[in-house]
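Just the heavy atoms: all of them, side chains too, but no hydrogens, waters or symmetry mates, feed the values below.
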Amino acid sequence: PCILLLPVLACILITGPGGSRGGTFPNTCAEAMVIIAEPSLGFAARTVHSGHNGMGNSAQEAAPATDESLESGGFGGINSSGVAARQIQALQWNAHGECFVRCKDSMDVHCDKAYPTCRDGARQFLADTLRDSSSLDFVGLEQFNDESFFSAAHVDLGRWSNVTHTCGGALGYGVYPFDLATLIFDRQRWAPVGAARGGCFERVEGAAEPNYRAFLVQAFVRKGTEERMVVAVSHHPHTLQYKAEIAALKSAAAVVRAEAAAEKMLLIADTNAESPNVPIGRSSQSVMEDIYPGAGEVKSTDLLITCCAWQYVHTYDRIVAAHFPHSSAIATALPFLDVHPPFAARYMHDPVLATLTYPGRLHQNSDLKPAASGSHARAGTIALIVVLVLALSLILVVGCS
């Protein structure tokens, strides 16, 4: 019997670990003894499946995932090259100004007939979202005209900060023509780079300068890393003057990207763009290229019907990512599922939640440690082979002596 063991021992000694570039064993006899599990390339993605009570406590897995759970700091599992899954989670919501306006009379339609039901409901939803979600990075808001939100909702200002651009307001806060673009961001995770730039797309009511449909652009760096990204929140113009008016956002985004030396860009917007399946529709690729000509392949939330109370027919609300790795993916979720905000006033959109996962090399000072794959797995395999060789050698010595 000891003679039969000689080919096995020789096979191990000759083949060894790393018989191919992938670190696997091409030799049949070695494969019979050691099976190496390939590092999974699937990354965890979280989605919302509860009602409107925020997002943080109602997450479930929505895509193939590794055994490692996503960290609240935006990192997930690690593959054999030391590359971790990074995560960015963003919410898009156009609450529409009618939500925050008391009706003047029975004929007034640009208001909340049950005021302040919509205002209070919107405030509660957003406050719950900011309080309960540990993975949310950004919230893009259009026409969220609640001047006292951050104080009234008791928002944790140690975690959340915001930038806002206002259009109009000559007749008073919230009085048409009036528009806001607001970006709320997790200041514990992201630090602003430079100043925000904002503007207005349209001129209404005979204004000499654009005074309606707001946008803003801000660059960020992920704390503890060198990752930089530009985020834009926009209430896009409608079709008639789109090409001429979108140029303002294109120009602002180019300046911010150049000043921050950032290529990645995240657009959080009410795009006012129909589905590309209809003649006047626009794909998310086209929407991004209109403001970022060098965007390359983009990743987008699904084009879901989110607009608007109370006739839902439009796919306006989108979150689009540019210059992220090819293997990136976006999971799309509706916080209210197949229903709509029960407090909605006329023209309110449904919020959309995006979870973007993508590979990104860890910062050298990161506390995250690689999982038992890659080099660790190979080290374990080598140790196993050594043990097998010693054991077989002992058998040969004892059995053949």
Side-chain angles (χ1 to χ4, degrees), residues 46-48 50 52-59 70-75 86-95 99-100 119-166 173 180-198 214-225 227-235 256 260 264 266-270 317 319 321 333 335 341 349 351-356:
R46 303 170 76 82
T47 187
V48 174
S50 74
H52 69 280
N53 294 322
M55 289 165 247
N57 295 331
S58 56
L70 285 168
E71 301 289 337
S72 61
F75 295 103
R86 286 186 175 177
Q87 178 193 73
I88 295 173
Q89 193 172 80
L91 181 78
Q92 153 60 24
W93 193 24
N94 186 345
C99 180
F100 307 93
R119 184 203 67 185
D120 292 348
R123 178 183 288 175
Q124 188 64 54
F125 166 71
L126 186 56
D128 289 344
T129 295
L130 297 177
R131 184 190 66 242
D132 296 339
S133 176
S134 63
S135 53
L136 189 63
D137 294 275
F138 301 101
V139 177
L141 302 171
E142 301 83 39
Q143 295 194 349
F144 196 91
N145 304 341
D146 187 352
E147 196 171 15
S148 60
F149 169 73
F150 277 89
S151 58
H154 305 292
V155 173
D156 179 6
L157 300 181
R159 178 184 176 191
W160 298 107
S161 187
N162 75 97
V163 288
T164 297
H165 185 80
T166 303
Y173 186 92
L180 296 178
T182 300
L183 175 61
I184 301 174
F185 62 93
D186 185 339
R187 65 192 305 170
Q188 296 177 354
R189 197 174 299 162
W190 298 91
V193 177
R197 288 179 177 266
F215 68 85
L216 68 84
V217 188
Q218 174 70 64
F220 293 91
V221 61
R222 189 194 289 270
K223 291 187 175 181
T225 76
E227 180 182 12
R228 294 190 172 213
M229 178 180 64
V230 171
V231 182
V233 176
S234 177
H235 189 188
V256 173
K264 291 177 181 175
L266 192 69
L267 173 65
I268 307 173
D270 170 6
D317 299 281
I319 298 171
H349 296 214
V352 175
L353 179 71
T355 302
L356 171 66

* Structure fact -> Closest non-hydrogen atoms of A90 and I319, given as atom of the first, atom of the second and distance, are O-CD1, 3.3 Å
* Asked: Taking it one step at a time, do Q218 and V256 satisfy side-chain contact (heavy atoms from CB on, under 4.5 Å)?
  -> CA-CA 7 Å; Q218 174 70 64; V256 173; 6.0 Å; no
* **Close side-chain approach of E227 and K264, heavy atoms under 4.5 Å** => yes
* Asked: Do you know the tightest heavy-atom contact between N162 and F185?
  -> N-CE2, 3.9 Å
* Working for side-chain contact (heavy atoms from CB on, under 4.5 Å), residues L136 and D186 -> CA-CA 8 Å; L136 189 63; D186 185 339; over 6 Å; no
* Are L267 and F215 close enough, and set up right, to give a side-chain contact (heavy atoms from CB on, under 4.5 Å), and what steps lead you there? -> CA-CA 11 Å; L267 173 65; F215 68 85; over 6 Å; no
* Structure fact -> Rounded to the nearest 0.5 Å, the CZ atom of F100 sits from the CG atom of L180 at a distance of 9.0 Å
* Trace of the side-chain contact (heavy atoms from CB on, under 4.5 Å) decision for L183 with F220 -> CA-CA 12 Å; L183 175 61; F220 293 91; 3.6 Å; yes
* With a 4.5 Å limit on heavy-atom distance, are the side chains of W160 and V155 in contact? -> yes
* Structure fact -> Minimal heavy-atom distance between V221 and V193, with the atoms involved, is N-CG2, 3.7 Å
* Compare all side-chain heavy atoms of L353 with those of Q89 and state whether any distance is below 4.5 angstrom. => yes
* To do: Taking all heavy atoms of S148 and all of R123, pick out the closest pair and write down the distance.
  => OG-NH2, 3.4 Å
* Non-hydrogen side-chain atoms of N145 and Y173 separated by less than 4.5 Å -> yes
* Say you draw a straight line from CG of L91 to CZ of F125; how long is it, rounded to the nearest 0.5 Å? -> 5.5 Å
* Asked: Cut-off 3.5 Å, side chains only: do D128 and Q124 have a donor facing an acceptor?
  -> yes
* **Geometric class of the F138/W190 ring pair [parallel <30°, tilted 30-60°, perpendicular >60°]** => tilted
* Under the criterion side-chain hydrogen bond (donor to acceptor under 3.5 Å, both in side chains), which of Q87, R189, R222 is the partner of D137? -> R189
* P335 to P351 - nearest heavy-atom pair and separation -> CD-O, 3.3 Å
* Asked: Hey, what do you get for CG (D120) to CG (D146), rounding to the nearest 0.5 Å?
  -> 8.5 Å
* In Å, rounded to the nearest 0.5 Å, how long is the span from CZ of R197 to CG of L216? -> 12.5 Å
* Asked: Atom CH2 of W93 and atom CD1 of I184: how far apart are they, to the nearest 0.5 Å?
  -> 10.5 Å
* Structure fact -> Looking only at heavy atoms, the pair that brings K223 and R187 closest together is NZ-O, 2.6 Å
* Asked: Hey, are the side chains of Q143 and D270 touching, using non-hydrogen atoms and a 4.5 Å cut-off?
  -> no
